[in-house]
2 protein chains.
Amino acid sequence: MRPRKANSREKILAAAADVAREAGPGSLSLEAVASRAGVSKGGLLYNFPTKAKLMQGLVESYLRDFQKALEARAAGARHESVLSAYIKLSADDCERPKPPASWMFSAIAEDPDFLTPIKAFKHQLLERLKEETSDLGSLLVCFLAIEGMRSMNLFDSDVLSEDEHKLLVASLLKIAG
Amino acid sequence: MRPRKANSREKILAAAADVAREAGPGSLSLEAVASRAGVSKGGLLYNFPTKAKLMQGLVESYLRDFQKALEARAAGARHESVLSAYIKLSADDCERPKPPASWMFSAIAEDPDFLTPIKAFKHQLLERLKEETSDLGSLLVCFLAIEGMRSMNLFDSDVLSEDEHKLLVASLLKIAG
DNA sequence: TTTACTGTACCGGCTGGACGGTCTTGTCAA
DNA sequence: TTGACAAGACCGTCCAGCCGGTACAGTAAA
């Protein structure tokens, strides 16, 4: 029996991320994703009429999830700054073993403009952080350092040891105040 | 008359970087590179028998250039730390408009293992920086912030304004001591 | 100094395979 | 029975790598 109205979109998105991570971003083909998602190629194309739409879906779901996680953290401890929440969230996100979002490379290869929403999101986040601090210099250092953490995670470059990672996070929280 | 012994390798490498930057990392085909370099496809394949070899060449030349630039800076001002030199070099590298090394995305798509030498290089650099400082926390913050700067540049995400960029660099130099 | 040979650098058409996207043919729930 | 959705064969395109050539420099025997 074929599962009717089983939310294929989510399965497909997850499968795409899996394929990009395991087979490499260059091997993210529609067939591979469909097969991984337990869906036929036609089924995939029904949900995402084009490869570009699939990438777009990946970007949007990524941003949505991140936003939700950040909001949850910020609401969970209202006495601390959003910057602290962002630092801690990113520290957790980059804890190994964490699946890096390799699909991003596929998206960039497909069309570099897929970065635009992400860029906009980051800009927006930075603006929000600026509002809650008076020390712009420290904020920038923290913001960029987090960016560095995330990028290392994305590139799967675990240059830092576990201890160094913890020390870094502690230092950032101290700078953030 | 065909230019004999005109160093095609360099021209091809430069052309590959250009194509990746201008046409997008997903459009880096051998034909496009050959045409851009003013070389036939056969000529390209003569110099780089495989696309993977071309990517490898890109990585190696990138690392070699970076190493040279860093050494030059470090030697140029021997009274300051290597970390300071690294900060300043990266700040200059990320000054817009600077061609981001989009070819890296093509390389990753071809085979994620092309990152290995880069990872190793960074690790080595970090070890070297560790030797000259006693404050590991500050070093890590600086190192990661630079990483963030470079990643933003690579992704062509100019989230920071000119002034913010300068403030960031100043703050980093202050932290680096 | 002519001729024959060798190795280097480069050319460009070809092909086999992979991939994105379409189309026809189902198939189940209402 | 109908319509939303899924299956997978199929088609056109693109591209990496191959291969048979060409041009030329050097060498050296004749």
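A note on names: the letters A, B, ... follow the listed sequences, proteins ahead of strands, and every chain is numbered from 1. Predicted, not measured: the structure shown is a model, and the values here were computed from it.
Residue pairs meeting the side chain to side chain donor-acceptor pair (under 3.5 Å) criterion with at least one partner in residues 106-120 of chain A, sequence neighbours excluded, are absent. Pairs passing the salt bridge (charged side-chain N to carboxylate O under 4.0 Å, His left out) check and including a residue from residues 131-155 of chain B, sequence neighbours excluded, read B:D93-B:R150, B:K122-B:E147. Residue pairs meeting the side chain to side chain donor-acceptor pair (under 3.5 Å) criterion with at least one partner in residues 42-58 of chain A, sequence neighbours excluded, are A:Q56-A:E60.
For DNA chain D, the neighbouring residues in residues 35-57 of chain B, judged by any heavy atom under 4.0 Å, are B:K41, B:T50, B:K51. For the segment residues 22-29 of chain A, the set of residues with a heavy atom within less than 4.0 Å of an atom of DNA chain D is empty.
For B:E95, the side-chain contact (heavy atoms from CB on, under 4.5 Å) test picks out B:D92, B:H165, with sequence neighbours left out. Listed by chain and number, the residues in a side-chain contact (heavy atoms from CB on, under 4.5 Å) with A:A34 are A:L44 (sequence neighbours excluded). Evaluation of the side-chain contact (heavy atoms from CB on, under 4.5 Å) rule for B:A23 yields B:V19, B:S27 as partners, not counting sequence neighbours.
Contact check, B:S8 against C:dC10: a side-chain N or O comes under 4.0 Å of OP1 or OP2.
The CD atom of A:E31 sits 8 Å away from the C1' atom of C:dA18 (whole-angstrom rounding). Atom CG of B:L30 and atom C1' of D:dC18 are 12 Å apart (whole Å). In this structure, CG of A:D111 is placed 15 Å from P of C:dG20, rounded to the nearest angstrom.
Remark: side-chain polar atoms of A:S35 are not paired, donor with acceptor, to backbone N or O of A:E31 under 3.5 angstrom.
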N/O donor to acceptor pairs below 3.5 angstrom from side-chain atoms of residues 166-176 of chain A, sequence neighbours left out:
from	atom 1	to	atom 2	distance (Å)
A:S171	OG	A:L167	O	2.9

